[in-house]
Amino acid sequence: MKSFRSSMIPLALRIVLGAIFIYAAIPKIADPVTFAGSVAAYRILPYFWSYVTAAVLPFLELTCGVLLILGVRVRSGALIIGALNVVFMAALSAAMIRGLDIDCGCFRPDGPKTAPWVALLRDVFFLAMTAAVLRYERLRAR
Amino acid sequence: MAQKSWLKTSLEIAVIVLASALFGIAWNRTLLADAWRGAPAGQAAPVPQQAAPGSQQAEALPMPIALAQVKELHDSGQAVLVDARSAASFAKEHIAGARSLPLEEATRQATPQLKGVAKDAVIIAYCNGFSCHDSMDLGKLLIKAGYASVYVFEGGLPEWRDGGYPTSGGKQ
């Protein structure tokens with residue numbers, strides 16, 4: 001029973017984290033213009049680079065999500081997701097410090113507005129999940 | 001052994017990032033080319049001037065435009081700047097050369113018209129910056145009214161003013 005539980009928790013974590021990133025990627029791929037607007041609202045990147053980010057980031061999220069769900073190259077996929085979370089948290093913190101009243105643009109770009117501090121807490125949770133996935137992956141590889 | 005494993009992981013990460021980037025750029029090549037040129041063609045789809053009643057159509061969104069491009073179009077006289085704020089706010093201060101079309105008034109008109117502005121003219125809607133959504137809503141209404149090249153300057157009057165660019169304070 002214990003070994004069943006210990007094997008199911010890492011699997012569930014991996015699948016849930018992968019599904020979250022696929023869920024986040026699809027609306028952005030479907031509507032890159034709106035997502036570019038969300039990126040531009042952070043006022044971090046120059047005009048054209050907001051579009052490049054909107055073009056590339058959702059595909060990176062999608063690829064990593066699929067890898068986690070399939071259990072292929074889990075360590076690499078999880079490390080990229082972790083790095084993305086750190087970048088998101090830095091951008092959200094910058095928005096909060098500058099007092100920008102913007103939508104985080106994390107999931108549906110045209111969806112209900114999510115305050116930066118809520119998104120920041122959510123990213124902390126995702127980062128903890130990523131750390132757990134990496135830890136389980138390291139134990140499994142031994 | 002551990003060094004070899006990290007090397008392998010780093011290589012995998014590089015391949016994943018590169019493949020995703022190439023795929024994303026290829027997938028969005030038209031949008032990126034439009035953004036590079038600063039052209040409005042990256043908009044979702046040209047909206048016919050009058051949609052059939054009851055027809056279901058994906059809402060076309062105005063394209064965001066940055067301060068540098070707004071300044072360039074403003075200086076060359078290639079764009080019409082439209083202020084979506086209230087008439088009182090417009091009277092107080094607005095981007096030099098802009099014309100006023102408060103969102104409230106545009107909503108009342110349903111399909112707002114800008115006198116003397118051609119339907120293919122470049123229109124830039126703005127309001128009070130990133131926290132203000134009136135310019136985006138006005139942009140949507142203008143697209144619905146048949147204007148083909150509508151942008152939204154999300155930084156609005158605050159970003160324009162911070163850039164040290166000219167504003168006017170008199171009534172127009």
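Below, chain A is the first sequence line, B the second, and so on; all start at residue 1.
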How close do [X] and [Y] get, heavy atom to heavy atom, and via which atoms?
X: Ile16(B); Y: Cys64(A); value: CG2-SG, 4.4 Å
X: Pro32(A); Y: Leu31(B); value: CB-CD2, 3.7 Å
X: Ala55(A); Y: Leu32(B); value: CB-CD1, 3.9 Å

Should [X] and [Y] be counted in the same cluster of Ile, Leu, Val, Met, Phe, Trp and Tyr side chains packed under 4.5 Å apart?
X: Leu84(A); Y: Leu22(B); result: no
X: Ile81(A); Y: Val15(B); result: no
X: Val87(A); Y: Phe125(A); result: no
X: Val72(A); Y: Leu134(A); result: yes

(Q) Checking side-chain polar atoms at under 3.5 Å, does Ser76(A) have a donor or acceptor matched by the opposite partner on Thr9(B)? (A) no
Q) Going by distance alone, is a donor N or O of one side chain under 3.5 Å from an acceptor N or O of the other, for Ser5(B) and Arg75(A)? A)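 Short answer, yes.
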How about [atom1] on [X], more than 12 heavy atoms from neighbouring residues, nucleotides or ligands closer than 6.0 Å, or not?
X: Arg135(A); atom1: CZ; answer: no
X: Arg122(A); atom1: CZ; answer: yes
X: Glu72(B); atom1: CD; answer: no
X: Glu104(B); atom1: CD; answer: no

Q | Structural part of Leu67(A) lying under 4.5 Å from a heavy atom of chain B | A |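 Just its side chain gets close to chain B.
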**Q.** Heavy-atom proximity to chain B below 4.5 Å, by part of Leu79(A)
**A.**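 Looking at Leu79(A), just its side chain touches chain B.
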Q. Is there a side-chain contact between Phe23(B) and Leu60(A) (heavy atoms, below 4.5 Å)?
A. no
Q) Do Pro58(A) and Trp27(B) have side-chain heavy atoms sitting under 4.5 Å apart? A)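 The answer is no, as the side chains (C-beta and beyond) never meet within the 4.5 Å cut-off.
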Q: Report the option among Leu11(B), Ile13(B), Val17(B) that has the most heavy-atom pairs separated by less than 4.5 Å from atoms of chain A.
A: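 Looking at each of Leu11(B), Ile13(B), Val17(B) in turn, Ile13(B) comes out on top.
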Q.
My understanding is that only one of Leu62(A), Thr63(A), Leu57(A), Ile80(A) makes a side-chain contact (heavy atoms from CB on, under 4.5 Å) with Ser20(B); could you say which?
A. Thr63(A)
**Q.** Rounded distance (nearest 0.5 Å) linking atom CG of Asn28(B) with atom OH of Tyr51(A)
**A.**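 Spacing of CG (Asn28(B)) from OH (Tyr51(A)) equals 11.0 Å.
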